[in-house]
Amino acid sequence: RMPKPHHLPVSNDGYWKSLLHWIGRNLKILLIFGVILFSLVWMLFPTNKRNDFERLQEQLQKIEGHYIKPSWDKLPLDPWWNHAGNDFATDRIRTFEMKVHTPPYTNWKDVYYVKSCAKALQDLHPLAQQVEVKRIEVWGDYLTGIHALVDMTYQTSQEQKEITLELDDNEAHPLIIYPAATVASAKVYLISTVYRRPKHFRRFLKCLEQLYAQTSRDFGLIITMYVGDEADTEALLKKSHLFIEKKISITILKKEPPFKKAPVLQESIGLLKPEDIAFMMDVDMTFEPDLLDRLARYVVKGKRLWSPMVWYRDEGSESGEKESLSFFARGGTGIIAIYKSDIDTFGGFDTLRYSDRYGYEDTDFFFRAHYVGLQIARSEEPSIQHFPHTRDGWQS
């Protein structure tokens with residue numbers, strides 16, 4: 001028999017009735033074919049739902065193995081760190097942590113860094129002898145690669161010397177090693193706000209006085225106070241010999257309540273010159289006189305900011321010991337030192353989004369600095385300590 005031709009049957013009832021009759025008989029086949037066709041189109045032509053949130057999750061999965069399934073129908077237009085949950089934001093911030101390695105060096109990469117830096121030192125100082133690597137601080141991320149500061153000692157014919165080399169390790173180019181940059185004449189401005197913290201501010205001022213007595217670096221203070229609360233705070237400041245003798249530049253800004261952190265910090269930053277360094281710090285913290293030396297080790301204009309992981313004291317503790325419930329603020333990003341000119345590249349604090357709300361404004365600042373390509377050095381700093389305090393009404 002001759003096979004029947006494959007064409008749509010046409011009956012006396014008309015073309016459209018015959019077409020509907022044919023579709024009814026072959027509905028299952030048509031549905032299966034439609035699903036297969038839709039799947040092929042979906043795979044070959046993906047939708048445009050990918051954004052920074054999903055890409056960041058994939059990068060985090062590669063780096064630390066974390067992954068959170070996105071929910072696109074509920075994802076707001078705000079930055080992902082406002083809505084991804086505190087645990088996810090903390091995990092992402094922790095990928096910037098600095099790792100400290102000391103002798104003996106057994107990891108293959110540490111050995112590679114040690115040998116490479118020893119060779120680089122010999123190229124810089126051909127007569128150097130007894131070269132030793134005392135310490136390696138390593139950090140990095142998927143945008144800027146891996147970086148390290150390598151502290152070394154070597155012997156010359158006259159004395160023993162110290163040097164710090166910096167290296168960039170990126171798969172796109174060979175290992176680059178060069179002498180670490182230092183902050184020479186840049187002026188550092190400690191920028192903070194104070195509201196209902198007289199006891200903490202008194203302790204903060206004492207640390208400033210000790211800093212002035214023991215450092216040769218130039219620094220100033222920009223402090224914002226609030227009307228109705230500023231009397232005690234301003235009285236404490238004006239009793240300090242730093243204010244009386246005008247030993248450092250002090251700028252006082254006064255604002256009406258309620259407390260608004262991002263706008264007042266951004267206004268303070270706006271008072272600086274491009275070559276100045278802004279050091280955002282809370283008044284409920286204490287620090288050692290080597291604070292600016294620590295800052296100078298990490299902050300590099302056009303390249304890197306410093307966001308130290310400070311020591312959070314146990315709630316209610318005033319003893320000064322590292323209690324079992326105290327910890328390093330690994331997810332905290334509020335303490336940041338950065339050149340004013342680098343802040344200008346990403347606009348600083350988002351004063352529109354965070355004009356009337358408190359929280360995550362520092363996280364927003366942190367990631368925006370990262371996205372313009374700045375390195376972020378996150379070192380553990382036990383000498384910078386955050387003291388506990390009661391929670392105010394505006395924080396509820």
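We number each residue from 1, following the sequence as shown.
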Drop me the distance from [X]'s [atom1] to [Y]'s [atom2], to the nearest 0.5 angstrom.
X	Y	atom1	atom2	result
W139	T95	CH2	OG1	14.5 Å
K238	I244	NZ	CD1	11.0 Å
F365	L265	CZ	CG	9.0 Å
I32	K28	CD1	NZ	8.5 Å
L175	Y112	CG	OH	4.5 Å
Q375	K303	CD	NZ	5.0 Å

Mind listing the closest non-hydrogen atom pair of [X] and [Y] along with its distance?
X	Y	answer
K301	S341	CE-OG, 3.4 Å
S307	G332	OG-O, 4.5 Å
M98	A377	CE-CB, 3.8 Å
N107	K109	OD1-N, 2.8 Å
L374	R304	CD2-N, 4.3 Å

Contact check, side chains of [X] and [Y], non-hydrogen atoms, under 4.5 Å:
X	Y	answer
R92	F96	yes
Y189	S268	no
I177	Y113	no
D362	I336	no
M281	V310	no
K119	D123	yes
T233	I223	no
L305	D342	no

Is [Y] reachable from [X] through a run of hydrophobic residues whose side-chain heavy atoms are each under 4.5 Å from the next?
X	Y	result
L167	M152	yes
L242	F287	yes
I163	L149	no
L121	V114	yes
I384	L221	yes

[X] side-chain N/O to [Y] backbone N/O, donor-acceptor pair under 3.5 Å:
X	Y	result
R94	G331	no
R378	R330	yes
T351	P263	no
D169	H147	no
Y154	H125	no
D276	K273	yes

Give a yes-or-no answer on whether the side chains of E381 and S379 include a donor-acceptor pair shorter than 3.5 Å.
-> yes
>> Hydrogens and angles aside, do T102 and R135 bring a side-chain donor and acceptor to less than 3.5 Å of each other?
In response: no
Can you tell me if [X] has over 12 outside heavy atoms packed within less than 6.0 Å of its [atom1]?
X	atom1	result
Y178	OH	yes
K247	NZ	yes
E159	CD	yes
E162	CD	no
E275	CD	yes

Is any NZ, NE, NH1 or NH2 atom of the basic residue among [X] and [Y] found under 4.0 Å from an Asp or Glu carboxylate oxygen of the other?
X	Y	answer
E267	K255	yes
R217	D293	yes
K261	D282	yes
R313	D284	no

Could you go through T156 and L127, starting from their C-alpha distance and side-chain angles, then the distance that decides it, and tell me whether this counts as side chain to side chain contact (heavy atoms under 4.5 Å, CB included)?
CA-CA 7 Å; T156 66; L127 300 180; over 6 Å; no
Decide yes or no on side chain to side chain contact (heavy atoms under 4.5 Å, CB included) for Y226 and F259, but give the supporting numbers first. CA-CA 8 Å; Y226 284 82; F259 181 86; 3.5 Å; yes
By ring-ring contact (aromatic ring centres under 6.0 Å, His included), F219 pairs with (sequence neighbours left out) none
L124 and L165: side chain to side chain contact (heavy atoms under 4.5 Å, CB included), yes or no, with the steps?
CA-CA 11 Å; L124 289 172; L165 298 182; 4.0 Å; yes
**Message:** Over 60° means perpendicular and under 30° means parallel, so tell me whether F328 and W311 are parallel, tilted or perpendicular.
**Reply:** perpendicular
Would you call the rings of F201 and F204 parallel, tilted or perpendicular, where under 30° means parallel and over 60° means perpendicular? parallel
Practice prompt. Could you check F279 against V299 for side chain to side chain contact (heavy atoms under 4.5 Å, CB included), going step by step and ending with a plain yes or no?
Written response: CA-CA 10 Å; F279 193 2; V299 178; over 6 Å; no
